[in-house]
Amino acid sequence: MTLATGTCKAGEPMELQWDPDSIPPFPAIALKALNLMSGTDTSLLELCNLIRSDLAFSTAILRIANSPLVAFSKNVTSVLQASMLLGFQRLRNVVITHGLKTYLTSFTPLIESCWHHSVACAIIAERSAKWRFLDKDFAYTAGILHDIGRVALVAVMPEAYARVIERGGDQPQDLLQSERELCGIDHCQAGRSLVAAWNLPEAYLAITACHHDPEGHPPGTASLVPPSCELADSLGFAVIRCRSGRSYAEILAAFPEPARNRFPADAKELASEIANEIEAIESA
Ligand SMILES: [Fe+2]
Ligand SMILES: [Fe+2]
């Protein structure tokens with residue numbers, strides 16, 4: 001599918017292709033976990049059985065269940081035991097986070113910064129949701145997935161994306177425009193088409209497609225993703241920092257209550273808390 005005719009740096013036109021089917025598939029277990037929306041006992045058992053069918057995921061879940069990240073008082077020796085102790089929502093988040101981490105196996109510095117940005121955004125969105133009594137697990141997953149389109153662009157068009165970064169921009173809209181010119185598609189459009197190609201729940205369509213749209217922010221819990229993405233950027237977890245990006249204090253002031261007053265006033269404090277959480281996830 002040809003989506004656009006761009007213009008390369010030298011000025012000559014180039015035909016650019018975006019084919020979501022050419023993107024390496026997201027791990028099947030993580031996709032199934034994303035499609036299991038409810039937290040019923042049946043879903044927990046279903047998720048547990050999916051994990052047990054995959055050696056790499058089984059090992060990862062056991063390592064996480066026995067890591068200081070979780071700190072259960074006893075040794076966890078089976079996936080079923082880990083599933084019962086973690087509960088559906090937490091198990092699902094672990095599977096999705098681990099799924100994204102395995103997906104990005106060829107960590108280049110650029111892909112690694114995409115990963116750190118996604119986890120930072122997920123942690124901020126989860127905390128904000130918890131303080132507002134919204135669905136914190138959905139907020140976390142939405143944060144993890146919101147920039148999946150950019151991960152895909154970086155993976156399949158590394159040179160074109162390096163030029164997007166080199167060019168930079170004052171506003172997110174400038175960066176999206178550069179992506180369209182240099183990659184033939186922007187990361188919001190790419191994310192939307194991946195969510196459709198992977199048959200993920202519709203809620204993720206608006207998150208991937210609209211998180212930089214000032215007019216069309218996604219509704220409900222998903223509305224926490226755009227400010228969380230911006231806050232993650234301001235804390236140093238940016239893939240590309242816009243030249244006129246708002247400061248930590250300015251972004252925080254725009255956060256809804258009570259989240260606004262629960263985040264530390266000092267950006268360095270929150271950045272260090274998030275860096276520690278990322279380190280714990282990576283070492284688990
Ligand atoms: Fe984005
Ligand atoms: Fe983002």
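Throughout, residue positions are numbered sequentially from 1 according to the sequence presented. When a ligand or atom number is given, it counts from 1 through the structure's own listing order. As a basis for the values below, the full set of heavy atoms in this structure was taken, side chains included, without hydrogen atoms, waters or symmetry mates.
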Just by distance, with hydrogens left out, do Asp186 and His212 show a side-chain donor and acceptor under 3.5 Å apart?
no
Within less than 2.8 Å of the Fe ion (ligand 1), any N, O or S from His187?
yes
Report the name of the N/O/S atom of Asp147 located nearest to the Fe ion (ligand 1).
OD1
Restricting to N, O or S, what is the name of the atom of His146 that lies nearest the Fe ion (ligand 2)?
NE2
Under 2.8 Å: N/O/S of His211 next to the Fe ion (ligand 1)
yes
Of all N/O/S atoms in His212, which lies nearest to the Fe ion (ligand 1)?
NE2
Confirm or rule out an N/O/S atom of His117, from backbone or side chain, lying less than 2.8 Å from the Fe ion (ligand 2).
yes
Between side-chain atoms of residues 51-60 and protein atoms elsewhere (two or more places apart, or another chain), which donor-acceptor pairs fall under 3.5 Å?
| residue | atom | partner | partner atom | Å |
| --- | --- | --- | --- | --- |
| Arg52 | NH2 | Asn49 | OD1 | 2.6 |
| Ser53 | OG | Leu50 | O | 2.5 |
| Asp54 | OD1 | Ala56 | N | 3.0 |
| Asp54 | OD1 | Phe57 | N | 2.9 |
| Ser58 | OG | Ile51 | O | 2.8 |
| Ser58 | OG | Asp54 | O | 2.8 |
| Thr59 | OG1 | Leu55 | O | 2.7 |

Pair Tyr140-Gln89, side-chain donor/acceptor within less than 3.5 Å:
no
Hydrogens and angles aside, do Gln177 and Glu181 bring a side-chain donor and acceptor to less than 3.5 Å of each other?
yes
Hydrogens and angles aside, do Gln81 and Thr77 bring a side-chain donor and acceptor to less than 3.5 Å of each other?
yes
